[in-house]
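Below is one structure, written out as structure tokens; the observations come after it.
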Amino acid sequence: MMALPGGRHLDSITLPGQRLHLMQVDSVQRWMEDLKLMTECECMCVLQAKPISLEEDAQGDLILAGGPGPGDPLQLLLKRGWVISTELRRIGQKLAQDRWARVHSMSVRLTCHARSMVSEYSAVSRNSSKEMGQIEKLLMEKCSELSAVTERCLQVENEHVLKSMKACVSETLSMLGQHFGQLLELALTREVQALVRKIDASDNIYTTESTTGNLFSLTQEGAPLCRIIAKEGGVVALFKICRQDTFRCLYPQALRTLASICCVEEGVHQLEKVDGVLCLADILTDDSHSEATRAEAAAVVAQVTSPHLPVTQHLSSFMESMEEIVTALIKLCQEASSGEVFLLASAALANITFFDTMACEMLLQLNAIRVLLEACSDKQRVDTPYTRDQIVTILANMSVLEQCASDIIQENGVQLIMGMLSEKPRSGTPAEVAACERVQQKAAVTLARLSRDPDVAREAVRLSCMSRLIELCRSPSERNSSDAVLVACLAMGIQLQVKKTKISALLWLLFWYVQGCSA
């Protein structure tokens with residue numbers, strides 16, 4: 001993990017286009033590959049520090065196959081950044097195991113990679129700033145210090161002395177990682193600034209498309225880069241594109257990039273400053289825009305209203321446009337031609353229902369329950385647990401309204417929601433299993449809330465809801481081994497029994513729960 005200033009980290013980087021080729025080679029072959037990237041003196045240093053080793057992990061070193069493309073500083077930074085951050089992590093692991101020979105050889109190799117990154121970036125980039133020059137100097141000094149101290153450790157046999165030297169190595173490694181993170185952030189910031197300036201200055205559709213694509217690729221490298229892009233005016237530049245009719249064909253790409261940037265608070269702050277919500281509302285309510293454009297706008301709305309971002313609660317401009325946005329999103333759900341479009345629109349609606357309770361009343365007036373429940377029977381629009389998760393989230397939040405119960409019964413909603421209690425993953429991936437758990441839990445919560453209405457409670461009992469609840473409580477596999485689903489089912493059982501004024505079925509629920517736990 002790549003450390004950045006302020007305690008932030010940049011995860012190991014995966015390139016968007018050209019991928020890193022990782023090779024498992026012996027020491028001599030690894031040195032030969034390094035020849036492509038390093039000066040002769042560096043190669044001699046690497047050769048001396050890489051004896052033919054019999055260690056079991058000596059065959060597993062990661063190297064960079066081939067140099068970065070000429071004149072491409074971004075690719076160079078991402079490639080070298082990935083390699084150096086990986087080496088830093090592995091040195092830390094070997095240090096914890098007291099494997100001093102490996103620590104030293106990897107420290108020398110790290111020095112070579114750091115020197116190569118500095119020299120190669122200087123060759124392809126514009127004149128570096130004074131601050132970058134200072135950090136480059138500090139980085140190389142720490143690299144030399146790490147190589148020197150680890151070499152001395154190889155010659156020490158006294159365990160007490162080694163222990164004290166280990167603390168010194170650990171501190172040097174930490175400082176080296178900090179300087180590397182600062183240098184990488186400064187370099188990436190410069191490249192982002194160049195991309196943003198290029199977007200601002202361009203009136204050529206092809207240049208703008210290419211530059212926006214590069215910016216989107218950077219957003220996929222993680223939150224730290226999204227923060228840099230937001231800080232350096234990326235949000236402003238992208239909304240500038242979305243406000244020009246000449247760039248209409250680029251709206252989907254620009255909006256997709258905006259959605260990625262707004263995964264961090266800095267992106268949402270910038271969106272608020274440039275009246276981004278108003279621009280999104282205009283796009284969503286304008287039928288002349290393509291479905292793809294409106295779907296990407298819905299994705300941005302879903303991102304900026306995410307309950308996981310506390311800053312979204314202070315989006316004052318969103319309240320002014322909420323009715324227009326909610327109406328447009330319901331229409332998009334109703335007319336969606338694919339599951340992806342429906343998912344984006346319903347996800348935005350689900351987040352908005354958390355954002356403000358007034359949204360639930362708007363949805364009720366817009367016949368959202370009918371639209372959502374009808375979509376459940378359309379496999380073209382609703383075909384994954386992720387989409388059903390959004391639908392049942394909306395229904396759960398709307399179920400606090402008294403009028404919601406009658407609309408649910410009228411649209412045969414009780415049976416559909418009960419069907420969600422049987423949600424099962426198809427692929428068995430952790431993400432899909434988690435989505436199925438959420439669907440089951442929220443379905444039980446929705447039915448529990450709706451069962452305050454005697455008509456809903458009677459309908460649920462008529463449809464053998466209690467039998468399904470007992471099954472869910474008794475068998476962990478039926479509830480995807482989720483305790484949250486179990487608690488929701490018990491709460492729903494209690495609500496049904498209150499309405500029936502009987503206790504027998506509830507006792508059976510608790511009995512089967514105890515039996516399931518003892519099994």
Side-chain angles (χ1 to χ4, degrees), residues 1-4 7-14 20-34 37-38 42-65 79-117 138-184 222:
M1 184 173 285
M2 213 177 291
L4 292 184
R8 291 173 285 155
H9 294 84
L10 182 61
D11 292 334
S12 296
I13 296 177
T14 303
L20 291 177
H21 299 290
L22 307 180
M23 295 184 178
Q24 291 188 320
V25 294
D26 61 25
S27 298
V28 176
Q29 182 62 32
R30 181 174 60 246
W31 169 70
M32 292 177 68
E33 289 290 336
D34 286 342
L37 304 174
M38 301 170 188
E42 288 173 332
C43 289
M44 291 302 296
C45 188
V46 173
L47 178 61
Q48 293 168 10
K50 290 182 179 176
I52 298 175
S53 173
L54 297 178
E55 295 186 59
E56 66 276 7
D57 63 338
Q59 305 296 320
D61 292 325
L62 304 179
I63 68 168
L64 188 63
K79 282 188 174 185
R80 285 295 183 187
W82 185 88
V83 172
I84 293 174
S85 63
T86 301
E87 290 287 357
L88 283 169
R89 176 178 55 81
R90 295 186 67 193
I91 291 174
Q93 293 173 347
K94 301 307 176 189
L95 180 63
Q97 299 168 1
D98 295 328
R99 300 178 65 177
W100 293 104
R102 295 292 293 153
V103 169
H104 176 58
S105 64
M106 294 170 72
S107 298
V108 174
R109 188 165 65 247
L110 175 67
T111 302
C112 294
H113 283 307
R115 185 176 290 115
S116 295
M117 184 183 83
L138 289 172
L139 174 64
M140 297 316 303
E141 286 176 354
K142 284 298 175 183
C143 284
S144 299
E145 182 181 333
L146 182 66
S147 297
V149 71
T150 54
E151 185 175 14
R152 290 198 300 272
C153 290
L154 288 174
Q155 303 165 7
V156 175
E157 296 182 358
N158 187 300
E159 290 187 6
H160 181 71
V161 176
L162 265 180
K163 187 175 181 181
S164 62
M165 294 185 74
K166 183 177 180 179
C168 178
V169 172
S170 180
E171 182 180 352
T172 302
L173 191 64
S174 176
M175 289 300 298
L176 193 158
Q178 183 178 340
H179 292 322
F180 167 66
Q182 290 171 342
L183 178 62
L184 187 64

message: Tell me which one of Leu162, Ile91, Thr150 satisfies side-chain contact (heavy atoms from CB on, under 4.5 Å) with Val169.
response: Thr150
- request: Keeping to residues at least two apart or across chains, list the salt bridge (charged side-chain N to carboxylate O under 4.0 Å, His left out) pairs with something in residues 164-173.
  value: Asp98-Lys166
- prompt: Can Leu139 and Gln182 be said to form a side-chain contact (heavy atoms from CB on, under 4.5 Å), step by step?
  reply: CA-CA 10 Å; Leu139 174 64; Gln182 290 171 342; over 6 Å; no
Minimal non-hydrogen separation, [X] against [Y], with atom names:
X	Y	value
Lys142	Thr172	O-CG2, 3.8 Å
Val103	Leu95	CG2-N, 3.6 Å
Gly177	Leu88	CA-CD1, 4.0 Å

Starting at [atom1] of [X], measure out to [atom2] of [Y] and round the result to the nearest 0.5 Å.
X	Y	atom1	atom2	answer
Ser147	Glu151	OG	CD	8.5 Å
Arg90	Met106	CZ	CE	4.5 Å
Ile84	Lys79	CD1	NZ	14.0 Å
His179	Met140	NE2	CE	12.0 Å
Phe180	Glu87	CZ	CD	11.0 Å
Arg102	Lys94	CZ	NZ	6.0 Å

Just so I know, are the side chains of [X] and [Y] near enough to count as touching, which here means a heavy-atom distance under 4.5 Å?
X	Y	value
Cys153	His104	no
His160	Lys163	no
Met175	Leu138	no
Leu146	Thr111	no

query: What residues, two or more places apart in sequence or in another chain, satisfy side-chain hydrogen bond (donor to acceptor under 3.5 Å, both in side chains) together with Ser107?
result: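 In terms of side-chain hydrogen bond (donor to acceptor under 3.5 Å, both in side chains), with neighbours along the sequence ignored, Ser107 is linked to no residue.
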task: Take Arg115 and Cys143 through the test side-chain contact (heavy atoms from CB on, under 4.5 Å) and record every step on the way to the result.
output: CA-CA 9 Å; Arg115 185 176 290 115; Cys143 284; over 6 Å; no
- prompt: Would you say the side-chain atoms of Ser85 pair up with the backbone N or O of Trp82, donor to acceptor, closer than 3.5 Å?
  reply: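 At least one qualifying donor-acceptor pair exists.
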